[in-house]
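Numbering starts at 1 and runs along the sequence shown. These numbers come from a predicted model, not from an experiment. For ligands, and for the atoms within them, numbers begin at 1 and follow the listed sequence.
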Amino acid sequence: MSNQPLPLQFVMSAQRGDQLPEMKAEVAFIGRSNVGKSSLVNAITGRKSLAKTSKTPGRTQLLNCFSTDNGFALIDCPGYGYAKVSRTTREAWSPMIRGYLRHSETLQATVVLVDGEIGPTKLDIEMLEWLSQHDLAFQVIATKHDKVKSSKREKRKKELAAGCGLEQSAIIWVSATTGVGIDRLRTRVRELWGAAG
Ligand code: GDP
């Protein structure tokens with residue numbers, strides 16, 4: 001069933017993409033700190049604390065690899081733009097993420113998480129532009145659907161899509177809290193992995 005939880009388990013953390021194990025196919029998850037990435041990884045896997053692994057001190061700046069038994073992976077990338085992290089530190093890990101995204105041979109697409117409540121930040125837009133410039137496929141996910149009042153949703157959906165330079169239909173809205181969009185995201189990740197995922 002395509003909307004069953006993704007059967008992912010933590011495999012390892014790596015300092016560089018070339019240290020990751022060989023996979024059949026993988027999808028990278030990226031977004032600013034606090035966007036809801038850990039909550040979403042838990043929601044799509046149906047596991048309450050799987051993504052805690054990525055938040056373990058020392059692992060927050062690493063590429064965290066979660067995989068199925070048959071070699072399909074989700075690579076959780078470090079969150080960017082955390083206010084307390086100095087610009088220098090951010091720049092220190094950026095080349096690592098960029099190197100991984102550009103050079104992985106099995107990466108199918110990057111899932112870019114944008115906070116649905118606050119819309120795309122400057123760094124989110126820079127990331128989308130950078131992916132486009134390098135011909136790298138991406139899927140934008142808007143998080144925290146439940147935090148946008150229903151009366152404001154249509155307007156917010158339009159604004160968020162415009163801010164990303166995309167059609168509204170290209171964006172998947174999700175909520176880890178209410179479960180909105182979770183089935184759709186699971187199906188999308190399986191599509192990106194390819195039929196065997
Ligand atoms: P990360 O830093 O990107 O991994 O983000 P977290 O998953 O830790 O979430 C950051 C904060 O947003 C936490 O306080 C979460 O409880 C909250 N959060 C995450 N997803 C949702 C959501 O779908 N709805 C609401 N209302 N809050 C969320």
Flag the pair [X] / [Y] as yes when at least one side-chain heavy-atom distance between them is below 4.5 Å, and no otherwise.
X      : Y      : value
Thr45  : Pro5   : no
Thr178 : Asp146 : yes
Asn42  : Lys48  : no
Ser54  : Arg59  : no

What atoms of ligand 1 come within less than 4.0 Å of a heavy atom belonging to [X]?
X      : value
Ser175 : 23 (O)
Ser38  : 1 (P), 4 (O), 7 (O)
Ser39  : 6 (P), 7 (O), 9 (O), 19 (C), 20 (N)

- Quick one: does atom 16 (O) of ligand 1 have a protein heavy atom under 4.0 Å from it?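 No, because not a single protein heavy atom sits under 4.0 Å from atom 16 (O) of ligand 1.
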(message) I'd like to know if atom 9 (O) of ligand 1 has any protein heavy atom within a distance of less than 4.0 Å.
(response)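 Given the 4.0 Å cut-off, atom 9 (O) of ligand 1 counts as touching protein heavy atoms.
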Practice prompt. Using atom types as modelled and distance alone, determine if a side-chain donor or acceptor of Arg184 lies under 3.5 Å from a backbone N or O of Ile172.
Written response: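 No, Arg184 side chain to Ile172 backbone: no donor-acceptor pair under 3.5 Å.
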Heavy-atom pairs closer than 4.0 Å: do any link ligand 1 to the side chain of [X], the backbone, both, or neither?
X      : result
Lys147 : side chain
Lys55  : side chain
Val35  : both

To the nearest 0.1 Å, how far is [atom] from its closest protein heavy atom, and which atom is that?
atom                    : answer
atom 18 (N) of ligand 1 : Lys144 CE, 3.8 Å
atom 3 (O) of ligand 1  : Lys37 N, 2.8 Å
atom 26 (N) of ligand 1 : Asp146 OD2, 2.8 Å
atom 22 (C) of ligand 1 : Thr177 OG1, 3.1 Å

TODO: Could you tell me if any non-hydrogen atom of Thr143 lies under 4.0 Å from any atom of ligand 1?
DONE: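 False for this residue.
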Nitrogen or oxygen atoms of [X] and ligand 1 under 3.5 Å apart:
X      : result
Asn34  : yes
Gly36  : yes
Ala176 : yes

* Asked: Is Asp115 salt-bridged to Arg32, going by a charged N under 4.0 Å from an acidic O?
  ->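 Result for this pair is yes, salt bridge flagged.
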- Please determine, by modelled atom types, if Gln139 and Arg188 share a side-chain donor-acceptor pair under 3.5 angstrom.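 Side-chain D/A pair, Gln139 to Arg188: present.
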- [ ] Kindly write out the residues that satisfy salt bridge (charged side-chain N to carboxylate O under 4.0 Å, His left out) with Lys122, not counting sequence neighbours, or none if the list is empty.
- [x]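 Here the qualifying residues are Glu126.
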- Task: Could you tell me how the ring of Phe72 sits relative to the ring of Trp193: parallel (under 30°), tilted (30 to 60°) or perpendicular (over 60°)?
- Result: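 Tilted: the ring planes of Phe72 and Trp193 meet at 30° to 60°.
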For Tyr100 versus Ala28, what's the shortest heavy-atom pair and its separation?
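It is CE2-CB, 4.0 Å.
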